[in-house]
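A short worksheet on the structure shown next.
Everything numeric in this text was worked out from a predicted model, so none of it was measured. Every chain is numbered from 1 and lettered A, B, ... according to where its sequence line falls, protein lines coming before strand lines.
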Number of protein chains: 2
Amino acid sequence: MRYTRYTRFIKEVIVDKGGGKSSASGRSSAPELATRDERKLRTRSSLLDAALTLMQQGRSFTSLGLREITREAGVVPTSFYRHFRDMDELGLALVDDGGATLRSLLREARKESAPVSDIIRRSVTIYKEFLLDRHMHFMFIAGERSGGSPVIRSAIRNQVNLFVLEMSQDLRRLNFLPHLSTATLQMLCGLVVNTMLNAASDILDMPPDEPTLEQELLDNFVKQLRLIFLGAISWKEPVAKP
Amino acid sequence: MRYTRYTRFIKEVIVDKGGGKSSASGRSSAPELATRDERKLRTRSSLLDAALTLMQQGRSFTSLGLREITREAGVVPTSFYRHFRDMDELGLALVDDGGATLRSLLREARKESAPVSDIIRRSVTIYKEFLLDRHMHFMFIAGERSGGSPVIRSAIRNQVNLFVLEMSQDLRRLNFLPHLSTATLQMLCGLVVNTMLNAASDILDMPPDEPTLEQELLDNFVKQLRLIFLGAISWKEPVAKP
DNA sequence: AATTTCAGTGAACAGTTGTTGACAAACATT
DNA sequence: AATGTTTGTCAACAACTGTTCACTGAAATT
């Protein structure tokens with residue numbers, strides 16, 4: 001048992017064993033999965049993808065069944081247990097992926113080195129692209145944020161809080177709104193993130209190919225953010241009683 | 001068939017038939033359900049209550065089953081169909097109830113004839129009382145708002161939009177923030193309502209009897225609203241190009 | 001008083017669910 | 001080359017699901 005863990009660690013360190021075990025079929029046409037761990041990871045992520053795909057079809061995660069997922073993933077139900085103890089554990093994996101997506105959004109936003117004019121509109125554009133690109137993760141996060149099982153709900157809440165914290169630290173580092181206290185800055189970021197996620201729900205629920213409706217939603221989103229930041233600018237910290 | 005509908009209508013007009021059909025048991029101890037329609041309504045609402053009760057125990061509506069609900073309500077599964085075609089229809093009934101709750105919240109808020117000082121804090125207090133009083137409706141609305149089945153999701157969206165509209169009309173009538181255009185006022189109300197519902201999720205998810213945490217959440221909620229209204233005050237409508 | 005209407009019951013159905021244990025074959029380790 | 005490890009499969013299970021049909025008894029109508 002301990003040996004196994006050790007060898008897995010080795011696997012992760014040695015990147016390429018130099019494979020090429022002579023197989024009959026050609027290398028390029030049939031992709032020939034190399035190591036065992038790789039294959040395990042592959043079916044694992046096909047399970048995760050199956051869950052997301054089903055949710056994309058309108059189902060909510062909480063209503064998904066184990067068998068349903070394995071069916072969609074193209075494996076036999078019992079295979080599920082080789083990867084997750086139960087549905088909750090799969091859900092938590094999805095939460096982690098969603099958190100990673102959020103974090104990468106933040107990384108992308110950091111590149112945008114602040115030319116202060118119309119920064120909101122441009123951030124929203126970035127956000128929308130992200131939204132459409134990883135719409136399934138956002139649907140999951142925004143959808144189960146206050147709907148799903150308690151375990152998953154609180155896991156999502158943690159990830160979102162982390163995101164809020166990181167965002168507020170970013171703003172501080174950029175010396176954005178320097179007159180705000182740390183607590184107020186975090187409150188602001190919480191408000192912004194909630195608004196973001198609500199907008200995500202709205203945008204992702206849209207019937208496809210309705211450009212005017214989409215534009216309306218986006219404009220509304222931008223207006224809301226403008227109003228929030230306008231409030232942040234004229235915010236006065238209450239003075240502590242002497 | 002038409003007769004039936006007619007007699008039902010009569011039932012609703014004639015308030016008291018003068019009942020007192022001589023029954024063995026006393027009037028006060030055993031409540032003796034009077035008319036048939038009343039009894040039907042009673043089990044109907046016991047089905048609705050059963051759904052809400054189960055959700056209170058951490059389940060999400062989408063994951064509830066028909067049998068589960070009838071079991072909780074204390075009737076046999078087949079009785080369900082006397083009241084609802086399927087779970088979606090029951091869900092829609094819950095949405096209606098939730099909408100009524102929202103509307104009554106608005107009615108309550110109207111009584112508070114604006115002494116502008118600290119109006120936000122007092123509104124939040126009203127809101128919190130409402131939240132705790134009808135916590136199950138709010139859990140349902142806030143939870144399934146972007147989680148549940150598409151039918152229910154869009155029904156909730158309608159109710160919430162209606163609420164937003166009504167709220168914006170109220171503000172206009174009170175001559176509150178008269179420099180805002182109607183569209184902006186609605187945008188503002190949408191933002192406020194989203195913030196309200198997010199706060200509802202947070203507050204209702206709290207572990208019970210943690211007064212300091214509760215106070216933190218409420219303070220944060222108040223701060224967010226303050227910031228929003230601060231933004232609304234200093235909002236300048238863009239001038240249309242001449 | 002006779003008749004109709006109907007909310008709630010009971011038994012039964014076909015289908016699906018989560019979970020178990022034994023097994024095969026590809027892989028990894030010795 | 002021999003041995004152990006492990007991913008995925010198969011068959012089977014008890015439990016539960018939504019839905020059907022015929023039925024009962026009391027309330028409502030005639």
Rounded to the nearest 0.5 Å, how far does CG of Asp49(B) lie from OG1 of Thr43(B)? 11.0 Å
Distance in angstrom units between Arg42(B) CZ and dG8(C) P, rounded: 11 Å
For Phe80(B), report the nucleic acid contact type (base, sugar-phosphate, nothing); a contact means any heavy atom under 4.0 Å. nothing
Rounding to a whole Å, what distance do you find between Glu68(A):CD and dC16(D):P? 20 Å
Comparing Leu64(B) and Val76(A) on DNA chain D - which has the more 5′ nearest nucleotide: Val76(A)
Selection from dA26(C), dG8(D), dA7(C) that lies nearest to any side-chain heavy atom of Arg39(A): dA26(C)
Atom CZ of Arg44(B) and atom C1' of dG8(C): how far apart are they, to the nearest Å? 17 Å
Between atom CG in Leu66(A) and atom P in dG8(D), what is the gap in whole Å? 14 Å
Among dA7(C), dT19(C), dG8(D), the one nearest any side-chain atom of Arg82(B) is dA7(C)
Minimum side-chain heavy-atom gap Val192(A)-Ile228(A) below 4.5 Å: yes
So CE of Met55(B) and CE of Met136(B): to nearest 0.5 Å the spacing works out to 10.5 Å
Tell me whether the side-chain N/O atoms of Arg71(B) come closer than 4.0 Å to OP1 or OP2 in dT17(D). yes
Mark yes or no for a side-chain to base donor-acceptor pair under 3.5 Å between Thr43(A) and dG8(D), with no hydrogen or angle criteria applied. no
Find the distance between CD (Glu72(A)) and CG (Leu54(A)) and round it off to the nearest 0.5 Å. 4.5 Å
Starting from C1' on dT19(C), measure out to CZ on Phe84(A) and report it in whole angstrom. 17 Å
Measure from the side chain of Ser79(A), starting at C-beta and using heavy atoms only, and say which of dC27(C), dG8(D), dT9(C) lies closest. dG8(D)
Mark yes or no for a side-chain to base donor-acceptor pair under 3.5 Å between Thr78(A) and dC10(D), with no hydrogen or angle criteria applied. yes
Which whole-number value in Å describes the distance from Asp37(B) CG to dA7(C) C1'? 11 Å
Does dA27(D) have its OP1 or OP2 closer than 4.0 Å to a side-chain nitrogen or oxygen of Thr35(B)? no
With a 4.5 Å cut-off on side-chain heavy atoms, are Phe80(B) and Arg67(B) touching? no
Would you say dT5(C) has OP1 or OP2 under 4.0 Å from some side-chain N or O of Arg36(B)? no
Rounded to whole angstrom units, what separation is found between the NE2 atom of His83(A) and the P atom of dT6(D)? 14 Å
Between dC16(D) (P) and Arg67(A) (CZ): distance, integer Å: 16 Å
